[in-house]
Amino acid sequence: MSMYFGRDMKKLGFGLMRLPKKEDGSIDIAETSVMVDKFMAAGCTYFDTAFVYTGSEDAVAEALVKRYPRESYTLATKLNAWLGSPDEATAKQQIKTSLERTGAGYFDFYLLHAVQTNNYEIYENYKLWDFVKELKEEGLIKHYGFSFHATPELLDELLTKHPDAEFVQLQINYADWENPSVTSRANYEVCRKHNKPIVVMEPVKGGTLANPPQAVKDVLTQVDPSMSIASWAIRYVASLDGIMSVLSGMSNIAQMEDNLSYMENFRPLNETESAAIAQVQQILNSIRQVPCTGCSYCTKGCPMSINIPEIFKALNQHLVFGQTEAGKKRYENAVARGSGKASDCIGCLQCEGACPQRIEITSWLKDAADVFE
């Protein structure tokens with residue numbers, strides 16, 4: 001349990017980016033509603049969506065807002081000034097659209113979305129730091145902060161310039177703790193220095209840490225065979241000081257039930273468990289793999305319509321698990337539905353500019369082409 005902004009909150013948050021889908025690709029509201037019910041019944045209350053999560057805010061209206069008293073949950077959404085907002089007015093319009101989609105009346109937490117090196121000036125130029133203050137004064141939001149994907153130096157600069165930001169959302173997981181392209185530890189320490197509560201995103205690294213290499217599974221299973229592999233990732237970040245909520249992007253009822261089994265009554269890692277995490281961090285650091293979380297920001301402006309996240313999943317099957325044939329089948333499926341091949345990349349670097357992980361995408365696509373084409 002954590003106490004922030006006058007609320008006792010259980011640390012598990014429901015990330016609404018990867019909701020269950022029907023065969024036609026639409027969000028399964030019925031299954032999402034069951035997941036919401038289980039989450040709320042366990043005493044968990046923090047829900048996280050965003051303006052750019054396709055269909056998510058509308059699903060929130062159906063599965064949560066229309067079914068529960070407004071004061072019984074907390075809802076976070078985000079304003080994205082660099083993805084589909086060509087000007088200041090369009091960016092500021094997002095709050096109105098988000099309120100219309102969700103029907104929530106107000107947002108408990110409102111974030112400037114995915115602030116990073118190549119876009120932080122847009123938030124400054126559009127005067128959005130002042131805008132969120134105005135929204136709070138109007139009662140449309142209760143608290144404001146930002147989600148962040150960049151260097152600790154920029155994070156320190158932003159928190160120094162905008163000390164009124166009330167919380168920060170960071171990518172933290174045990175695989176990225178010392179990853180130089182994500183800098184989880186360093187960013188965490190900057191937030192602690194500024195005394196800002198932290199919401200954690202990607203604790204399971206886009207699902208990667210629910211199915212890590214066998215050597216990692218062996219270490220964790222030997223310590224406690226009763227715990228799911230994913231539970232180690234979420235409990236690791238929830239055990240850190242200053243954590244307000246740990247967002248898990250759950251996609252089905254089974255994932256919800258698993259998360260609640262150990263987070264409804266959260267127990268921090270003990271000394272033996274912490275030592276096991278340190279051991280698997282060494283194992284992961286020795287394996288070459290694409291650090292992709294599957295957020296898909298890279299695909300929205302790709303002129304060749306390359307399904308980059310799915311190609312990288314295929315490549316990691318080859319690199320991490322040695323499953324070359326399975327990876328090849330996944331690759332063939334990824335390019336069979338009208339998507340471009342890895343070799344179709346023209347090197348425009350649009351994808352690398354949009355990538356929160358700062359992955360050298362074009363280089364990895366060449367590797368994928370060499371392996372699978």
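Model, not experiment: these values are computed from the prediction.
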Side chains of [X] and [Y]: closer than 4.5 Å at any heavy-atom pair?
X      : Y      : value
Glu310 : Ser339 : no
Tyr110 : Leu140 : no
Leu111 : Val199 : no
Ile141 : Phe109 : no
Gln357 : Asn179 : no
Glu166 : Lys136 : yes
Glu273 : Tyr236 : no
Ile95  : Leu79  : no

Are Asn211 and Lys217 close enough that a side-chain donor and a side-chain acceptor fall under 3.5 Å?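 Per modelled atom types, Asn211 and Lys217 side chains form a pair under 3.5 Å.
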
State whether a side-chain donor-acceptor pair under 3.5 Å links Gln281 with Asn285.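 Asn285 and Gln281 do not have a side-chain donor-acceptor pair below 3.5 Å.
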
[atom1]/[X] to [atom2]/[Y] distance, rounded to the nearest 0.5 angstrom?
X      : Y      : atom1 : atom2 : result
Ser147 : Lys78  : OG    : NZ    : 6.0 Å
Leu19  : Glu31  : CG    : CD    : 9.5 Å
Asn307 : Ser296 : CG    : OG    : 7.0 Å
Cys292 : Ile311 : SG    : CD1   : 10.5 Å
Thr32  : Asp28  : OG1   : CG    : 6.0 Å
Lys127 : Lys133 : NZ    : NZ    : 13.5 Å

Considering all heavy atoms, the nearest [X]-[Y] contact:
X      : Y      : value
Pro309 : Gly294 : CB-CA, 4.1 Å
Ala76  : Tyr46  : CB-OH, 3.6 Å
Phe51  : Ser98  : CD1-OG, 3.7 Å
Thr117 : Ala150 : OG1-CB, 3.7 Å
Tyr331 : Ala342 : OH-N, 3.0 Å
Ile359 : Glu352 : O-CG, 3.6 Å

Could you please spell out the steps behind the side-chain contact (heavy atoms from CB on, under 4.5 Å) verdict for Asp48 and Gln169? CA-CA 11 Å; Asp48 172 269; Gln169 187 164 307; 3.6 Å; yes

[X] side-chain N/O to [Y] backbone N/O, donor-acceptor pair under 3.5 Å:
X      : Y      : value
Ser231 : Asp258 : no
Ser239 : Leu269 : yes
Lys196 : Ala165 : yes
Asn119 : Ala114 : yes
Gln94  : Asn80  : yes
Lys10  : Ala42  : yes
Ser56  : Thr49  : no
Tyr123 : Ala81  : yes
Thr45  : Ser72  : no
Lys11  : Ala238 : yes

Dump the intermediate steps for side-chain contact (heavy atoms from CB on, under 4.5 Å) on Phe14 and Asn259, then the final yes or no. CA-CA 10 Å; Phe14 191 171; Asn259 281 345; over 6 Å; no

Apply side-chain contact (heavy atoms from CB on, under 4.5 Å) to the pair Ile229 and Thr221, showing each step before the final yes or no. CA-CA 8 Å; Ile229 300 300; Thr221 302; 3.9 Å; yes

Should [X] and [Y] be regarded as members of a common hydrophobic cluster, given that ILVMFWY residues are connected when their side-chain heavy atoms come within less than 4.5 Å of each other, either directly or indirectly?
X      : Y      : result
Phe39  : Met201 : no
Leu12  : Ile172 : yes
Leu315 : Ile306 : yes
Met256 : Met227 : yes
Leu260 : Tyr262 : yes

Should Lys66 and Glu62 be marked as a salt bridge (Lys or Arg N to Asp or Glu O under 4.0 Å) after you check the CA-CA gap, both sets of side-chain angles, and the distance that decides it? CA-CA 6 Å; Lys66 293 180 180 179; Glu62 300 300 323; 2.6 Å; yes

If you count every heavy atom of other residues, nucleotides or ligands that lies below 6.0 Å from [X] atom [atom1], does the total exceed 12?
X      : atom1 : result
Lys329 : NZ    : no
Glu138 : CD    : yes
Asn195 : CG    : no

Measure from NZ or CZ of Arg330 to the centre of the six-membered ring of Phe372 and say whether it is under 6.0 Å with the direction within 45° of the ring axis.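 Arg330 over Phe372 ring: no.
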
Would Lys142 count as a cation-pi partner of Tyr106, with NZ or CZ less than 6.0 Å from the six-membered ring centre and within 45° of the ring normal?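 Checked: cation-pi criterion met.
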
Any salt bridge between [X] and [Y], counting N to O under 4.0 Å?
X      : Y      : answer
Arg288 : Asp367 : yes
Lys92  : Glu134 : no
Glu189 : Lys193 : no
Glu202 : Arg18  : yes

Please walk me through it: do Leu135 and Tyr144 pass side-chain contact (heavy atoms from CB on, under 4.5 Å)? CA-CA 9 Å; Leu135 293 177; Tyr144 54 87; over 6 Å; no

Using the six-membered ring wherever Trp is involved, compare the ring planes of [X] and [Y] and label them parallel, tilted or perpendicular (cut-offs 30° and 60°).
X      : Y      : result
Trp364 : Phe312 : perpendicular
Phe148 : Phe146 : perpendicular
Tyr297 : His113 : perpendicular

Please step through ring pair (Phe, Tyr, Trp, His ring centres under 6.0 Å) for the pair Tyr73 and Tyr68, ending with a clear verdict. CA-CA 8 Å; Tyr73 59 86; Tyr68 285 90; 7.3 Å; no

Hey, do the aromatic rings of Phe167 and Tyr4 have their centres closer than 6.0 Å?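 Centroid separation for Phe167 and Tyr4: 6.0 Å or greater.
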
Evaluate the criterion side chain to side chain donor-acceptor pair (under 3.5 Å) for residue pair Asp218 and Gln214; output intermediate values, then yes/no. CA-CA 6 Å; Asp218 290 344; Gln214 190 60 44; 2.9 Å; yes

